Amino acid sequence: MPYRRLPNTDQARLRSLKAAMQKATSTSADKLLFSQMLAHEVSSFTPVFEQNLSQYMNSRSLQVQIGKQLTESGKTARLYLSHFIQVLNMSILRGEIKADARKQLGLEEYGSSLPDLSGDQQFIEIAQMVITGEERRTGNRIYNPSIANVKVKFEQFMEVYRKHKDILQTIVKHQARFIESREKADKLIVALWNEIEASLAPIDSDDKRAIAADYGVVYFYRPIERHKDFLKM
């Protein structure tokens, strides 16, 4: 005998709720296979669930989009900063700039080596120190790239970085709200399906299962039950 399987994806949950809502709005109370209390609940809750799902999915999609921008912007900003530091070190090696310039730029602990710029937080801290220090430093200037170029790329990165942080906070809010909606949807679907099946009890024929399926109840055949010879028995 086919078995009932509750929705395991959010889109499946929405389809089940919409099927029940459609029946609630198009079927008279005396013929409806679930109570008026559930009819009212599914009609009022389904649009809310759909809206919460849409907001959550849109925020996740935006996160992916901003994430790609962050990766590209970060790659460029790191490239400019690392090139600037390399030019500084080569200028010190050639004697064109005094070695204490590293201290002014907050790079003294790294000597002639490049600092690790892979992590966002460390990159931001080092970039801010270098930009501030170079703008205050007197003496020979560094070009190709200049600190102005480094600053422009860094500010572009920070703009995307802040957007990404904001969208992450938005996702957390939408996710928390949607988790509550999902839990309510599951409870409502179980209540609906229980009443639908009870109204058709005992469900022992394909015709009754077809009626229940029209209300959004989902049935699955076990592998052996899909075999034609088995179904003919």
Side-chain angles (χ1 to χ4, degrees), residues 8-11 14 48-182:
N8 56 10
T9 68
D10 295 323
Q11 290 299 331
L14 183 59
V48 174
F49 180 80
E50 185 172 20
Q51 182 181 31
N52 288 344
L53 174 58
S54 177
Q55 289 176 339
Y56 177 61
M57 295 305 294
N58 288 341
S59 62
R60 291 298 299 269
S61 178
L62 185 58
Q63 179 195 13
V64 172
Q65 179 184 342
I66 298 297
K68 290 179 180 178
Q69 295 177 15
L70 183 65
T71 299
E72 291 301 315
S73 180
K75 181 179 178 181
T76 300
R78 285 173 171 84
L79 186 64
Y80 270 73
L81 180 60
S82 63
H83 282 185
F84 179 88
I85 295 173
Q86 289 177 61
V87 173
L88 169 69
N89 287 330
M90 288 187 290
S91 298
I92 292 173
L93 182 63
R94 293 193 298 264
E96 298 169 356
I97 294 177
K98 293 181 178 180
D100 65 358
R102 291 195 184 103
K103 183 176 181 180
Q104 293 176 274
L105 274 59
L107 298 171
E108 187 177 25
E109 65 179 290
Y110 305 105
S112 59
S113 301
L114 277 174
D116 180 10
L117 303 175
S118 57
D120 284 343
Q121 196 56 47
Q122 186 170 1
F123 165 63
I124 291 170
E125 291 174 0
I126 292 174
Q128 289 173 335
M129 285 192 304
V130 170
I131 291 169
T132 301
E134 179 62 11
E135 287 178 337
R136 292 175 178 174
R137 188 179 65 85
T138 58
N140 293 340
R141 310 311 297 175
I142 296 173
Y143 298 99
N144 197 27
S146 67
I147 198 61
N149 294 140
V150 174
K151 187 175 183 179
V152 167
K153 299 303 179 184
F154 175 68
E155 289 176 345
Q156 290 173 347
F157 164 79
M158 287 304 299
E159 182 178 357
V160 181
Y161 179 79
R162 293 187 187 99
K163 286 182 181 178
H164 191 255
K165 287 192 68 175
D166 289 343
I167 194 63
L168 288 179
Q169 292 177 353
T170 300
I171 287 175
V172 170
K173 293 178 182 177
H174 286 169
Q175 185 176 34
R177 185 185 307 134
F178 184 64
I179 287 174
E180 291 181 3
S181 291
R182 182 187 286 150

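On a predicted model such as this, the values are computed, not experimentally measured, just so you know.
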Would you tabulate the side-chain donor-acceptor contacts of residues 171-178 under 3.5 Å, counting partners in other chains and residues two or more places apart, or write 'none'?
unit_1 : atom_1 : unit_2 : atom_2 : d
H174   : ND1    : Q55    : O      : 3.4
R177   : NH1    : Q55    : OE1    : 3.1

Is there a side-chain contact between Q86 and H83 (heavy atoms, below 4.5 Å)?
yes

Heavy atoms only: give me the nearest R137-N140 pair and the separation to one decimal.
NH2-O, 2.6 Å

Nearest 0.5 Å please: distance from the CD1 atom of I167 over to the CG atom of L70.
13.0 Å

Look up atom CE in M158 and atom CD in E155, then write down how far apart they are to the nearest 0.5 Å.
9.5 Å

CD/E180: more than 12 non-hydrogen atoms of other groups inside 6.0 Å
no

Does any part of the side chain of T170, heavy atoms only, come nearer than 4.5 Å to the side chain of L62, both counted from C-beta?
no

Does the side chain of K153 come within less than 4.5 Å of L81's, by heavy atoms?
no

Is there side-chain contact between E134 and L88, with at least one heavy-atom pair below 4.5 Å?
no

Write down the atom of F49, the atom of S181, and the distance for their closest heavy-atom approach.
CD1-O, 3.7 Å

Flag the pair V87 / N144 as yes when at least one side-chain heavy-atom distance between them is below 4.5 Å, and no otherwise.
no

How far apart are the closest heavy atoms of P115 and I126, and which atoms are they?
CB-CD1, 3.6 Å

Decide yes or no on side chain to side chain contact (heavy atoms under 4.5 Å, CB included) for I142 and F84, but give the supporting numbers first.
CA-CA 8 Å; I142 296 173; F84 179 88; 3.6 Å; yes

Working to the nearest 0.5 angstrom, can you tell me the gap between K163 NZ and S73 OG?
10.0 Å

Value rounded to 0.5 Å, distance of CZ in F154 from CZ in R78:
10.0 Å

Provide the full list of side-chain hydrogen bond (donor to acceptor under 3.5 Å, both in side chains) pairs with a residue in residues 90-116, sequence neighbours left out, each pair given once.
N89-R102, R94-E96, D116-S118

Taking side chain as C-beta onward, heavy atoms only, is I66 less than 4.5 Å from D166?
no

Is the shortest heavy-atom distance from the side chain of N149 to the side chain of Y80 under 4.5 Å?
yes

With a 4.5 Å heavy-atom cut-off, do V130 and V150 have their side chains touching?
no

Under the rule for salt bridge (charged side-chain N to carboxylate O under 4.0 Å, His left out), what residues qualify as partners of E50, not counting sequence neighbours?
K18

Verify the distance criterion only: is there a donor paired with an acceptor across the side chains of S61 and N58 at less than 3.5 Å?
no

When you look at K75 and E72, which way does the salt bridge (charged side-chain N to carboxylate O under 4.0 Å, His left out) test go after all the steps?
CA-CA 5 Å; K75 181 179 178 181; E72 291 301 315; 5.4 Å; no

